[in-house]
Engineer: 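Dropping the structure in here first, questions after.
In what follows, chains carry the letters A, B, and so on, assigned in the order in which the sequence lines appear, proteins first and then strands, with residues in each chain numbered from 1. What you see is a predicted model; the values in this text were computed from it and never measured.
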Amino acid sequence: MAAGSDGALPADAASRAQELREQLEAHNSSYYVLDAPTVLDAEYDRLFGELQALEGRYPELLTVDSPTQRVGGKVLDALQPVTHRVPMLSIQTETDIEDSGAVNFDNRVRKELGLAEEAPPVEYTAELKFDGLAISLRYEQGVLVQAATRGDGATGEDVTTNVRTIRVIPLRLHQRAGAPAVPDTLEVRGEIYIDRRDFESLNAAQQAASEKLFVNPRNAAAGCIRQLDSRIAARRPLSFFAYGMGESTGWALPATHCGMLDAFAAWGLPVNTDRAVVSGAQGLIDYHRRIGEARNRLPFDIDGVVYKVNSLALQQQLGFRSREPRWAVAHKYPAQEELTEVLDIEVQVGRTGAITPVARLKPVFVGGVTVTNATLHNEDEVRRKDIHIGDTVVVRRAGDVIPEVVRALAERRPADARAFVMPQTCPSCGAAVRRDEDEAVARCTAGLYCPAQRKQALLHFASRRALDIDGLGEKIVDQLVDNSILRTPADLFRLEVPALAALERMGDKAAANLVQAIGQCRDTTLARFIYALGIRNVGESTARDLAAHFRDINVLMAADELRLQQVTDVGPVVAQSVAAFFADAHNRAVISDLLAAGIHFAPIAEPEQLAPGVAGKTFVLTGTLPTLSRDEAKARIEAKGGKVSGSVSKKTHYVVAGGEAGSKLVKAQDLGVAILDEAALMVLLESM
DNA sequence: GATCCTCGAGTTCT
DNA sequence: CTCGAGGATC
């Protein structure tokens, strides 16, 4: 490809290269020198990659001062420069999709070593790539004498006084019985980082002190370590992991990289335990995948994994290529944080009238999907994060899925940015919006007279956990309500095929299916029906409690607040909501209309057979189970007398974990709660 | 009165 | 999944 397209140098390539160099230099300066990043890593990497590609294709564009020709930034005047005796190299990054990074690396290594196809697989160590600040620690006769940042790889900065304040870094290496003797001199290479929880509290403290917030843990770490005042650094929650070595004299080098890390650990240096010795490309692929799934559960940020040839002899044989070792590569994951712009902040009206601000974002690819919307929850949240329309914001995919606006970059706010103002009237119906004292949400006061709320109420009525009407989606409900065909849930049972088929995006077939689905939903349970009504503060669980207690819709409707409070988990607030709902004449009319339309309830099921290991026990489901859906698993546990709850606590008996399990699994491990997989759950359910 | 535990409600994208 | 808030418990 390069060979064919070499030749004439297009004018726009030269100007683009110049532009990229200027941008990157500006970012370098603010990121490394001022500790105030103007772009995030992903954006920087993208610009950097583009320039690298351009220079690779047109070598005449390459200049000595190009940002691609150096590893880091300038040395500040205030910290003393330190020349590294063994340069601190960077590691080549595989910019690939999927598994090819591991395969490419393995192929290169085998080729360089001259291995035949049928030769046994190469042994590698695989480690986490911490997202922090690279550091070199020099120990002489086991005593920490100097700590230096990477700087440009050849010369860094002396940060010894600050590093001495980091508690996990030993000031003197331990000499334990059975461990290798401590070398005369040893330079330990590793990463200073801040774990996520500490980062959050650090930012909270910064905010309380009206100090500038840190954009991410890596930047906070860099800022702290290069503090001129080590008393401030001492108060910062810095951590460290060792992963490599610079100069060393006076010890018998182990045979493998892994053995070296074991020796480090024996001397009291922190070494991360998520590393593994694996075999061949497949071993690397498995590790990459495993860590990718566990990434969110780690207490600190990583931006990928690192593969290294395990044998130190083979490492030496492979040697270096300009500034990078041939025996190691970094394999990155897609960025979980990106920068984008807030195009607008709109509000949505929920089923209960809650007015929720939503940020409309300039589309941005983050964590594997394109994000265009992110909820801002409520007015206080917008204020707390100080998000204006027009702001550049950090967007993250938190907890695997839901996009979140993390914070706004105040220094990038344009002059014409506008603050968000909570509307005083409902965007759907124009009724007054009210926010009660000590409530976080503002609500439309029109109730079901508000079309938005009526639509949401109907969708809730039809939802899977309520009456489960298939095919009644948002688009259809919008049209039916706007055309005044549908006003209450009872109207659903009067819908006919011709009227439906006249709607947009609806044919005869779909219309007939919908009418049939509505007909089928008449057969339901009292608990589902109560839930479907959408009474405030009554969810699935409370609806079930009410159904089990009253067993008859008419008895429930007649109950006063005192009787309602006899039900478990019903206190004054819920009792008031329920009583008020059934006191309303319109609601009563709709209910009798529904019953007249033929809704009837299956007799309340007595628990079948109770499994001894299940009855009375509390389960929490997390992750994706191999065969059962979440709802099926829940139904099966409940059928045997167990209870399924949403969050893990001391009272949880079992956590059932599937693939990609999240924070709940971690919490279960912390609390020592028993963890089951699907197979173990089935055994428990079948046991009598 | 404080603390812990659950539930309810709202939300994204494929 | 996460937050806020209702209910139970000590």
Engineer: Mind calculating the distance between CD (A:Glu474) and P (B:dC13) to the nearest angstrom?
Structural biologist: 13 Å
Engineer: Report which part of the nucleic acid A:Val538 touches: base, sugar-phosphate, or nothing (heavy-atom distance under 4.0 Å, all strands).
Structural biologist: sugar-phosphate
Engineer: Closest-nucleotide mapping onto DNA chain B: is A:Arg351 or A:Arg360 further toward the 5' terminus? I mean the 5' end.
Structural biologist: A:Arg351
Engineer: More than 12 heavy atoms of other residues, nucleotides or ligands under 6.0 Å from CZ of A:Arg522: is that the case?
Structural biologist: yes
Engineer: Under 4.0 Å between a side-chain N or O of A:Gln348 and OP1 or OP2 of B:dT11?
Structural biologist: yes
Engineer: What integer distance in Å separates A:Glu346:CD from B:dT11:P?
Structural biologist: 13 Å
Engineer: Counting only heavy atoms from other residues, nucleotides and ligands, does the tally under 6.0 Å from CZ of A:Arg544 exceed 12?
Structural biologist: yes
Engineer: To the nearest Å, give me how far apart CG (A:Leu376) and P (B:dA9) are.
Structural biologist: 21 Å
Engineer: From the options B:dT14, B:dT12, B:dC7, select the nucleotide whose nearest atom is closest to the side chain of A:Asn373.
Structural biologist: B:dT12
Engineer: Please report the distance, rounded to the nearest Å, between CD1 in A:Ile355 and P in B:dG10.
Structural biologist: 11 Å
Engineer: To the nearest Å, how far apart are A:Lys650 NZ and B:dT3 P?
Structural biologist: 13 Å
Engineer: Closest approach to the side chain of A:Arg536, judged atom by atom: which nucleotide of B:dT14, C:dG7, B:dA9 is it?
Structural biologist: B:dA9
Engineer: Is the phosphate of B:dG10, meaning OP1 or OP2, less than 4.0 Å from a side-chain N or O of A:Thr352?
Structural biologist: yes
Engineer: Is the phosphate of C:dC3 approached by A:Asn378 (side-chain N or O, under 4.0 Å from OP1 or OP2)?
Structural biologist: no
Engineer: Using OP1 and OP2 only, check whether a side-chain N or O of A:Thr375 sits under 4.0 Å from B:dT12.
Structural biologist: no
Engineer: Heavy-atom nearest nucleotide on DNA chain C for A:Gly571 versus A:Leu621: which residue maps closer to 5'?
Structural biologist: A:Leu621
Engineer: What is the separation between atom CG on A:Asp545 and atom P on B:dT6, rounded to the nearest whole Å?
Structural biologist: 14 Å
Engineer: Mind checking if A:Glu381 touches a base, just sugar-phosphate, or nothing, with heavy atoms under 4.0 Å?
Structural biologist: nothing
Engineer: According to a strict under-4.0 Å criterion, is A:Lys643 in side-chain N/O contact with OP1 or OP2 of B:dC7?
Structural biologist: yes
Engineer: State whether A:Ser541 places a side-chain N or O below 4.0 Å from either non-bridging phosphate oxygen (OP1 or OP2) of B:dC7.
Structural biologist: yes
Engineer: Look at the side-chain N and O atoms of A:Thr372 and state whether any lies under 4.0 Å from the OP1 or OP2 oxygen of B:dT12.
Structural biologist: no
Engineer: Of all the nucleotides listed (B:dG8, B:dT11, B:dC5), which has the minimum atom distance to the side chain of A:Thr356?
Structural biologist: B:dT11
Engineer: Roughly, in whole Å, what's the span from CD in A:Gln456 to P in B:dT11?
Structural biologist: 8 Å
Engineer: More 5' along DNA chain C: A:Arg384 or A:Val570, using each one's nearest nucleotide?
Structural biologist: A:Arg384
Engineer: How would you list all residue pairs meeting ring pair (Phe, Tyr, Trp, His ring centres under 6.0 Å) that involve residues 425-462 of chain A, not counting sequence neighbours?
Structural biologist: A:His460-A:Tyr531
Engineer: Kindly give the heavy-atom pair with the smallest separation between A:Glu379 and A:Pro357, and that separation in Å.
Structural biologist: N-CG, 4.4 Å
Engineer: A:Val358 side chain: which of B:dT12, B:dC5, B:dA9 is closest?
Structural biologist: B:dT12
Engineer: Round to a whole Å and report the spacing from NZ of A:Lys634 to P of B:dT6.
Structural biologist: 14 Å
Engineer: Crowded around A:Arg413 CZ? As in, over 12 foreign heavy atoms under 6.0 Å?
Structural biologist: yes
Engineer: What I want to find out is whether A:Lys385 reaches A:Glu381 closely enough, with some N-O distance under 4.0 Å, to be called a salt bridge.
Structural biologist: yes
